[in-house]
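Here the structure is laid out as structure tokens; the discussion comes afterwards.
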Amino acid sequence: MKVILDVDTGTDDAVAIMLAALHPDLELIAVTTVNGNVPLENTTDNTLRTLDFIGRSDIPVYPGLARPLVRHDFPGKKDYGGKSDMHGLELPIPEATSKAQDTGAVEYLVETFRGATEPIALVPTGPLSNIGAAVAVAPDIVEKVHEVVIMGGGYKHGNVTPTGEFNIWADPEAADMTLTAGFDPLTLVPLDATHQALVTREDVARFEGLGTPAGTAAARFIGRRIDAYTAGHRVETADAAPVHDALCIAYLVDREVIETRHLHVRVETQGELTVGQTVIDTRTHAAEAPNAHVAFGADARRFVELLAQTFARTC
Ligand code: RIB
Ligand code: CA
């Protein structure tokens with residue numbers, strides 16, 4: 001399966017990139033970047049660092065949107081490096097030596113999907129600005145995309161606000177455009193699933209013990225996430241953290257790693273208190289046809305096993 005990842009790298013995006021770049025069943029043909037966890041220049045730089053570190057600098061990186069489609073109050077530079085900052089501005093691996101492409105992400109996505117002769121999955125794991133823009137520029141690409149798997153949203157709760165999950169909240173208009181564009185199948189992997197796929201400190205020690213570049217990097221990135229969750233964010237299990245974005249890639253190679261329900265989903269773009277909420281219609285008599293396979297469950301051990309087996313590989 002060919003894959004394009006659209007990322008805001010970020011510690012969990014970096015783990016997703018490594019999983020996609022190293023798993024033998026996947027061919028990561030490109031990575032596109034977007035403003036999100038850190039500003040665009042850093043999401044791009046962190047993506048290049050990650051690919052260089054695991055010996056996959058052959059995979060091209062296309063920088064995308066530096067801000068959301070509509071909003072001015074978007075996440076931008078802030079103070080990085082605090083105890084509960086799970087990303088930091090720069091990932092803790094050597095500086096990149098490779099360079100990003102001159103072509104922009106939106107142009108790349110439109111041209112690639114228009115010309116696609118083989119199935120290509122699109123996996124957005126950051127704010128959906130690039131995807132919303134691509135669909136606005138070229139609605140015809142929707143039917144050329146084989147499959148979309150998005151990390152975003154939450155049914156029970158958000159993480160930026162009580163109802164808003166970061167990727168959806170950071171560009172709600174783009175998220176709603178993406179969900180209603182007609183991609184089929186579209187799988188949404190919200191916090192409800194990713195918080196069941198927690199990675200523990202024991203798992204981190206196992207990754208470190210692999211002695212490979214990916215094992216070392218995964219241990220650093222996920223270790224940082226566990227520190228941040230321990231300091232501030234808190235999850236149900238002590239000394240553990242979700243690695244949201246990597247679960248989307250895991251799903252491409254192991255369809256049993258999450259459990260989904262086919263439902264209608266829209267994004268709240270107006271609510272004073274609820275902007276960025278994924279409104280998931282779980283009613284048996286939902287008025288609108290389903291547009292997303294929403295993950296409500298995940299198998300943590302299956303996920304960790306897949307990470308460990310893949311990160312044992314070198315290029
Ligand atoms: O809410 C979690 C998501 O927001 C993850 O994709 C993380 O990397 C950030 O983009
Ligand atoms: Ca992300």
Side-chain angles (χ1 to χ4, degrees), residues 3-20 31-40 42-47 50 61 64-68 74-76 78 80 84-91 105 122-132 148-172 174-175 178 187-199 218 221-222 224-226 228-229 232-235 241-251 258 267 275-278 294-295 298 303:
V3 184
I4 298 173
L5 250 171
D6 184 71
V7 293
D8 64 331
T9 319
T11 45
D12 56 335
D13 303 81
V15 179
I17 291 168
M18 296 193 296
L19 187 58
V31 183
T32 54
T33 60
V34 67
N35 170 72
N37 285 317
V38 289
L40 178 71
N42 300 98
T43 63
T44 304
D45 174 60
N46 283 337
T47 301
T50 303
V61 176
L65 269 70
R67 50 158 292 172
F74 58 94
K78 55 182 184 190
Y80 295 97
S84 56
D85 173 10
M86 66 191 82
H87 302 288
L89 191 58
E90 293 171 345
L91 291 178
L122 175 62
V123 183
T125 63
L128 289 145
S129 318
N130 291 339
I131 316 306
V148 176
V149 184
I150 296 171
M151 191 283 129
Y155 182 66
K156 277 203 229 149
H157 59 83
N159 56 7
V160 185
T161 70
T163 57
E165 179 281 328
F166 180 82
N167 288 342
I168 305 295
W169 170 88
D171 194 342
T178 305
T187 302
L188 186 68
V189 182
L191 298 173
D192 308 78
T194 64
H195 277 242
Q196 290 177 41
L198 299 178
V199 180
F221 301 158
I222 301 171
R224 180 176 186 132
R225 296 183 65 77
I226 295 174
Y229 273 87
H233 301 266
R234 300 292 163 96
V235 278
V243 188
H244 313 282
D245 300 340
L247 190 59
C248 296
I249 299 297
Y251 173 65
I258 57 173
V267 175
V275 70
Q277 178 176 9
T278 40
V294 183
F303 175 53

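When a ligand or atom number is given, it counts from 1 through the structure's own listing order.
- Nearest heavy atom pair, residue V160 against residue F166, reads CG2-CA, 3.4 Å.
- Geometry at the Ca ion (ligand 2): OD1/D8 and OD2/D13 form an angle of 70°, nearest 10 degrees.
- What sits closest to atom 9 (C) of ligand 1 on the protein, heavy atoms only, is N37 OD1, 3.1 Å.
- Counting only heavy atoms of the protein, atom 4 (O) of ligand 1 lies nearest to N167 OD1, 3.1 Å.
- Note on D245: its N/O/S atom closest to the Ca ion (ligand 2) is OD2.
- Remark: Y155 OH is loosely packed, at most 12 non-hydrogen atoms of other residues, nucleotides or ligands lying under 6.0 Å away.
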Given side-chain hydrogen bond (donor to acceptor under 3.5 Å, both in side chains), test T11 with R225 step by step and report yes or no. CA-CA 7 Å; T11 45; R225 296 183 65 77; 3.0 Å; yes
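- Atom numbering of ligand 1 starts at 1 in the shown order; those under 4.0 Å from a heavy atom of D8 are 8 (O), 9 (C), 10 (O).
- Put simply, the side chain of N167 never gets that close to the backbone of L128: no donor and acceptor are under 3.5 Å apart.
- No donor-acceptor pair closer than 3.5 Å links the side chain of D8 to the backbone N or O of V38.
- Residue-ligand proximity, M151 to ligand 1, at heavy-atom distances under 4.0 Å covers atoms 2 (C), 3 (C), 5 (C), 6 (O).
- Applying the 4.0 Å criterion to heavy atoms of D13 picks out, from ligand 1, the atoms 8 (O).
- Residues M151 and V123 are not in side-chain contact: their nearest non-hydrogen atoms beyond the backbone lie 4.5 Å or more apart.
- For the pair L198 and P242, the tightest heavy-atom approach, listed with the atom from each and the gap, is CD2-N, 3.5 Å.
- The backbone N or O of L91 sits less than 3.5 Å from a side-chain atom of N46, completing a donor-acceptor pair.
- Relative orientation of the Y229 and H195 rings is perpendicular, given thresholds of 30° and 60° on the angle between their planes.
- Neither the backbone nor the side chain of T11 has any atom closer than 4.0 Å to an atom of ligand 1 (non-hydrogen atoms only).
- Atoms of ligand 1 found under 4.0 Å from any heavy atom of N159, numbered from 1 in the order shown, are 1 (O), 2 (C).
- Under the 3.5 Å distance criterion, the side-chain polar atoms of T43 are left unmatched by any main-chain donor or acceptor of N35.
- Looking only at heavy atoms of the protein, atom 6 (O) of ligand 1 is closest to D245 OD1, 2.5 Å.
- Distance check for N167 against the Ca ion (ligand 2): none of its N/O/S atoms falls below 3.0 Å.
- No part of T194 comes within 4.0 Å of ligand 1, judged by heavy-atom distances.
- Atom 8 (O) of ligand 1 has as its closest protein heavy atom D12 OD1, 2.6 Å.
- Closest protein heavy atom to atom 3 (C) of ligand 1: E165 OE2, 3.2 Å.
- Inclusion of H244 in the set of residues having an N or O under 3.5 Å from an N or O of ligand 1 is not warranted.
- Remark: the backbone N or O of P124 is not paired with any side-chain donor or acceptor of D6 at under 3.5 angstrom.
- Heavy atoms of T125 found under 4.0 angstrom from ligand 1 belong exclusively to the backbone.
- Between H87 and ligand 1, a contact under 3.5 Å exists for no N or O pair.
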